[in-house]
Amino acid sequence: MRRNIALLAVCQALLLTGGVLLASTAALVGARLAPSATLATVPLFAFNLGVMVAVVPASMLMKRIGRRWGFALGGAIGVAGAITSTAGATRSSFELFCAGMAVLGAYMAIGSFYRFAAAEAATPEYRGHAIGWVVGGGLVAAFSGTWLSVVTQHASGFPEFGASYVAVGATAALTIIAALLLDVRTPTAEECARCGRPLFEIARQPDYVIAATVAALGYFVMTLVMNATPLAAHSMAYGFGTTALLIRWHVVAMFAPSFFTGPLIRRLGLTGVLGTGGGLMATSIVVNLVASGQLAMWIALVALGLGWNLLYVGGTTLLTHAYVEEERSKSEGLNEFVVYAMISLASFGAGELQARWGWPAVNASAAVPVMLIAAAVVWLGVRQRSAQR
């Protein structure tokens with residue numbers, strides 16, 4: 001169990017090193033290549049659209065061929081997407097760059113199941129711990145991803161940030177090696193044939209609805225603000241070094257709590273953890289709306305990252321309560337589809353909001369999703385108290 005969780009954490013660290021590189025640079029490359037400033041985040045939209053389109057087929061494929069080969073295939077897709085993105089960035093082709101980002105989205109779609117593979121490797125009472133440790137692999141990415149974005153910004157022989165996508169390809173290639181070392185079995189034909197309850201019956205359970213809601217809306221808010229951050233920092237005349245530092249500490253806040261979220265769930269319960277996550281996101285919005293300057297942006301981004309972690313790990317843990325083994329693929333696939341549909345919407349709207357109305361509008365737009373998260377957490381609390389009575 002521990003070996004598999006460690007390898008999955010390595011895969012997560014490599015995946016998110018590339019993800020942080022993309023988050024730090026894609027909007028800036030998009031602004032350089034796009035015909036209009038309002039289209040700067042279209043490459044990120046293409047990336048998240050690629051995730052959304054690929055995530056359900058990826059889940060079904062892994063049911064057939066197993067986690068090991070599915071994750072290895074994902075790494076190969078990541079290499080192909082990085083090559084295409086590099087070609088688009090170096091040839092100043094906006095369309096080719098967006099196409100490469102969409103392929104990288106398919107790589108991210110497959111990698112999004114690392115945490116579910118960790119839950120399968122752990123006993124039920126330690127699923128939160130296993131999920132947290134694998135998600136915590138992203139802490140490495142907070143430093144490696146932002147460091148690589150600075151190092152590759154002006155690499156010799158490439159336009160600005162062109163070499164960043166070579167680095168993304170290298171991290172994807174390494175995930176192939178780590179995935180092939182996993183000690184997991186391939187499902188039998190009989191297991192593949194089992195399907196369990198209809199998907200609609202699974203998805204209408206309150207636990208499933210609440211889990212999908214908090215994860216999807218938490219990711220929406222985080223993506224909306226994070227994708228607009230490089231553009232907002234540029235408009236405030238901050239250098240890229242400052243922007244990279246802000247992103248780094250935001251990503252640290254996203255993943256550092258993962259090592260403690262599992263024990264927190266056992267101590268505070270899912271309602272307490274999810275409620276705290278929603279409160280931290282609300283704090284982030286308020287800080288960005290009432291204060292300005294680098295320190296205020298840093299505090300808001302750290303609170304945003306902490307809130308995202310509690311909602312993401314807590315939501316994933318709650319989701320695993322809503323299905324049994326034979327229902328795993330379709331249940332996880334639908335959840336990831338909903339999550340990345342919201343991420344795609346946020347990544348598309350971030351550039352438009354920032355370009356037309358500025359940083360305050362970006363943060364004000366996040367208020368309604370945070371209120372919906374609060375409503376979902378209240379619903380969970382009411383259900384748990386009713387069950388106890």
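Atoms considered below: every heavy atom in the structure, side chains included; atoms not considered: hydrogens, waters and symmetry mates. FYI, the numbering just counts along the sequence from 1.
Within the 4.5 Å cutoff, no side-chain heavy atoms of Leu28 are placed close to those of Glu160. The shortest side-chain heavy-atom distance between Ile77 and Val103 falls under the 4.5 Å cut-off. Residues Val362 and Trp357 fail the side-chain proximity criterion, which asks for heavy atoms closer than 4.5 Å. In this structure, Ile373 and Thr213 have side chains that are not in contact, with every pair of non-hydrogen atoms separated by 4.5 Å or more. Contact check for Thr276 versus Val273: no side-chain heavy atoms found under the 4.5 Å cut-off. Under the 4.5 Å side-chain criterion, counting only non-hydrogen atoms from C-beta, Ser112 is in contact with Val55. By the 4.5 Å heavy-atom criterion applied to side chains, Lys330 and Lys63 are not counted as neighbours.
Side-chain contact, Glu332 with Tyr323: a donor N or O sits under 3.5 Å from an acceptor N or O. For the 3.5 Å distance criterion, the side chains of Gln384 and Thr271 qualify, holding a donor opposite an acceptor.
Residues Phe158 make up the rest of the hydrophobic cluster containing Val166, defined by ILVMFWY side-chain heavy atoms closer than 4.5 Å, directly or through other members.
For the pair Leu104 and Gly81, the tightest heavy-atom approach, listed with the atom from each and the gap, is CG-C, 3.8 Å. Summarising the geometry of Leu21 relative to Leu148, their closest heavy-atom pair is CD2-C, 3.9 Å, with the distance given to 0.1 Å. Taking every heavy atom of both residues into account, His321 and Leu270 meet most closely at CE1-CD1, 3.9 Å. The two atoms that bring Thr229 and Val225 nearest to each other are OG1-O, 2.8 Å, heavy atoms only. Annotation for Ile176 and Ala76: closest pair CD1-N, 3.6 Å, computed over non-hydrogen atoms. Residues Leu15 and Thr175 share a closest heavy-atom pair of N-CG2, 4.3 Å.
Without hydrogens or angle criteria, Ser93 side chain to Leu96 main chain gives a donor-acceptor distance under 3.5 Å. A donor-acceptor pair under 3.5 Å links the side-chain atoms of Gln354 to the main chain of Trp359, judged by distance alone. At distances below 3.5 Å, at least one donor-acceptor pair connects side-chain atoms of Gln205 with backbone N or O atoms of Ala322. With hydrogens and angles ignored, the 3.5 Å screen pairs a side-chain donor or acceptor of Arg68 with a backbone N or O of Leu182. A donor-acceptor contact shorter than 3.5 Å links the side chain of Ser344 to the backbone of Leu49. The backbone N or O of Leu44 sits less than 3.5 Å from a side-chain atom of Asn48, completing a donor-acceptor pair. Judged purely by atom type and a 3.5 angstrom limit, Thr320 uses its side chain to pair as donor or acceptor with the backbone of Thr317. Between the side chain of Ser164 and the backbone N or O of Phe161 there is at least one donor-acceptor pair closer than 3.5 Å. Although no hydrogens or angles enter the test, the distance criterion places no donor-acceptor pair under 3.5 Å between the side chain of His250 and the main chain of Val302.
Rounding to the nearest 0.5 angstrom, the gap separating the CE atom in Met108 from the CE atom in Met52 is 15.5 Å. With values rounded to the nearest 0.5 angstrom, Phe255 atom CZ is found 12.0 Å from Leu306 atom CG. Atom CD1 of Ile343 sits about 6.5 Å away from atom CE of Met222, to the nearest 0.5 Å.
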- Task: Please lay out, stage by stage, how Leu8 and Arg115 fare under the test side chain to side chain contact (heavy atoms under 4.5 Å, CB included).
- Result: CA-CA 8 Å; Leu8 289 164; Arg115 71 191 196 279; over 6 Å; no
After noting the C-alpha distance and the side-chain angles of Met101 and Thr84, does the key distance pass the side chain to side chain contact (heavy atoms under 4.5 Å, CB included) rule? CA-CA 8 Å; Met101 291 291 289; Thr84 307; over 6 Å; no
Check: What do the steps show when you test Val56 against Leu334 for side chain to side chain contact (heavy atoms under 4.5 Å, CB included), and what is the final call?
Finding: CA-CA 7 Å; Val56 173; Leu334 177 62; 5.8 Å; no
Check: So Thr86 and Ile83, side chain to side chain contact (heavy atoms under 4.5 Å, CB included) or not? Walk me through it.
Finding: CA-CA 5 Å; Thr86 302; Ile83 291 171; 5.8 Å; no
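A continuous path of Ile, Leu, Val, Met, Phe, Trp and Tyr side chains, each step under 4.5 Å between heavy atoms, connects Leu245 with Val251, placing both in one hydrophobic cluster. Two different hydrophobic clusters hold Tyr114 and Val79 under the rule that ILVMFWY side chains link at heavy-atom gaps under 4.5 Å. The same ILVMFWY cluster, assembled from side-chain heavy atoms under 4.5 Å apart, contains both Val252 and Leu295. Neither Val324 nor Leu319 shares a network with the other; the hydrophobic side chains, linked directly or stepwise wherever heavy atoms of I, L, V, M, F, W or Y lie under 4.5 Å apart, form separate groups for each. Neither Leu174 nor Val140 shares a network with the other; the hydrophobic side chains, linked directly or stepwise wherever heavy atoms of I, L, V, M, F, W or Y lie under 4.5 Å apart, form separate groups for each.
Residue pairs that meet the ring-ring contact (aromatic ring centres under 6.0 Å, His included) test with at least one member in residues 6-42, sequence neighbours left out, do not exist here. Screening residues 207-218 for salt bridge (Lys or Arg N to Asp or Glu O under 4.0 Å) gives Asp207-Arg383 as the qualifying pairs, with residues at least two apart or on separate chains. Applying the ring-ring contact (aromatic ring centres under 6.0 Å, His included) test to every pair with at least one member in residues 85-111, sequence neighbours left out, gives these pairs: Phe97-Tyr165. The salt bridge (Lys or Arg N to Asp or Glu O under 4.0 Å) contacts involving residues 27-41 comprise nothing, where partners must be two or more places apart or lie in separate chains. Counting only residues at least two apart or on different chains, the ring-ring contact (aromatic ring centres under 6.0 Å, His included) pairs with a member in residues 32-67 are Phe45-Phe348.
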Identify each donor-acceptor pair in which a side-chain atom of residues 277-291 lies under 3.5 Å from a protein atom, sequence neighbours left out, and give them as a table.
| unit_1 | atom_1 | unit_2 | atom_2 | d |
| --- | --- | --- | --- | --- |
| Thr283 | OG1 | Gly279 | O | 2.9 |
| Ser284 | OG | Ala300 | O | 2.8 |
| Asn288 | ND2 | Asn363 | OD1 | 2.8 |

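Not counting sequence neighbours, the partners of Glu120 by the salt bridge (charged side-chain N to carboxylate O under 4.0 Å, His left out) test are Arg67, Arg328. For Val378, the side-chain contact (heavy atoms from CB on, under 4.5 Å) test picks out Val382, with sequence neighbours left out. When the ring-ring contact (aromatic ring centres under 6.0 Å, His included) test is applied to Tyr312, the partners found at least two apart in sequence or on another chain are Tyr219, Trp308. Every residue two or more places apart in sequence or in another chain that forms a ring-ring contact (aromatic ring centres under 6.0 Å, His included) with Phe259 is listed here: Trp133. For Ala141, the side-chain contact (heavy atoms from CB on, under 4.5 Å) partners at least two apart in sequence or on another chain are Leu16, Thr17, Val20, Ser144.
Around atom CH2 of Trp379, more than 12 heavy atoms belonging to other residues, nucleotides or ligands sit under 6.0 Å away.
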